[in-house]
Amino acid sequence: MERFKLGFRNLYDKYNHLLLLLYFPVYMIWFAYLEKNVTTRFHVIHVALDDYIPFCEYFIIPYFLWFAYVAFGFIYMALTSKKDFYKMCAFLYTGMTVFLVVSTLYPNGHFLRPAYYTHHNLCTMLCEFLYSTDTATNLFPSIHVYNSIGIHLAISHNEKLGQNKTIRLLSFVLMVSIVLATMFLKQHSVFDVVTAFLLAYVMYLLVYRRNFSFSTAPRKSRSKLSVEHR
């Protein structure tokens, strides 16, 4: 029994940071509520520059790659560096929570999506699928943009990945492609992208420039501390 307790304790000490993933059920429930209730009555988001950006269905590829990009960031940081995992979560979760609060207090949406396609191919089919599963509401700051920036920052500041120029370049190209995809697919207004960058900049200063971190060192027992201070 003692061996089992020790093994469980060691396992917990090694992976207790994964408890932060419990944020996702909370986020998804809140987001699902917004998607269901913010449908017709909302503040319209639109800036003049939106009208000059053409629809391009091929950006659906980097848009969907976002899911693998974010998943890679979480898996890699969780398994290799608690410090980087904590920083990444602090960055991402703060922005995601701000997004939920803004969408709750200021329901918003747009009318930028094309009414019809001038041609049809696999990419337009994927766009139709995207439009059918994701409403044109709850837009800013764009989480697709914000989280892409967050994953790229986590990769760039990771001790191993940050030293690999090829990985950093690929990450940067994918991040930029995802950002562009949100506008060229008419998923987001330029306003949503700009607000995502502004929030990301603030969080970058707080999390990375100020060297935000959680201590991952095991705590010493109170009795041991009292002995050391005698």
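None of these values were measured; they are calculated from a predicted model.
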Trainee: Go through the structure and list residues passing side-chain contact (heavy atoms from CB on, under 4.5 Å) with H157, not counting sequence neighbours.
Mentor: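 H157 satisfies side-chain contact (heavy atoms from CB on, under 4.5 Å) with L153, Y204, Y208 once adjacent residues are dropped.
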Trainee: Quick check: closest heavy atoms across I151 and G73, and the distance to 0.1 Å?
Mentor: CD1-CA, 4.1 Å
Trainee: Indicate yes or no: at least one non-hydrogen side-chain atom of Q187 is less than 4.5 angstrom from one of Y131.
Mentor: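 Answer yes - side chains close enough.
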Trainee: With a cutoff of under 4.5 Å between side-chain heavy atoms, which Ile, Leu, Val, Met, Phe, Trp and Tyr residues group with L169?
Mentor: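 Other cluster members: V173.
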Trainee: Who passes side-chain contact (heavy atoms from CB on, under 4.5 Å) against I53, sequence neighbours left out?
Mentor: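 Once residues adjacent in sequence are excluded, the partners of I53 under the side-chain contact (heavy atoms from CB on, under 4.5 Å) criterion are M183, F184, K186, V190.
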Trainee: If you take all heavy atoms of S171 and H152, which pair is closest and at what distance?
Mentor: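 Here S171 and H152 meet closest at OG-ND1, 2.8 Å.
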Trainee: Is F172 atom CZ crowded by more than 12 heavy atoms from other residues, nucleotides or ligands, each under 6.0 Å away?
Mentor: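 No, not enclosed.
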Trainee: Using every non-hydrogen atom in the two residues, find where F59 and A181 come nearest and quote the distance to one decimal.
Mentor: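 Nearest pair, atom of F59 first, then A181: O-CB, 3.3 Å.
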Trainee: When you look at OH of Y33, are more than 12 heavy atoms from neighbouring residues, nucleotides or ligands closer to it than 6.0 Å?
Mentor: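 Count not over threshold, so no.
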Trainee: Give every residue pair that meets the side-chain hydrogen bond (donor to acceptor under 3.5 Å, both in side chains) criterion with at least one member in residues 36-45, sequence neighbours excluded.
Mentor: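 side-chain hydrogen bond (donor to acceptor under 3.5 Å, both in side chains) check on residues 36-45 returns no pairs.
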Trainee: Under the rule for side-chain hydrogen bond (donor to acceptor under 3.5 Å, both in side chains), what residues qualify as partners of H119, not counting sequence neighbours?
Mentor: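 Checked H119 against side-chain hydrogen bond (donor to acceptor under 3.5 Å, both in side chains); matches are E57.
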Trainee: Among all residues two or more places apart in sequence or in another chain, which pass the side-chain contact (heavy atoms from CB on, under 4.5 Å) test with N147?
Mentor: W66, V70, L92, M96, I143
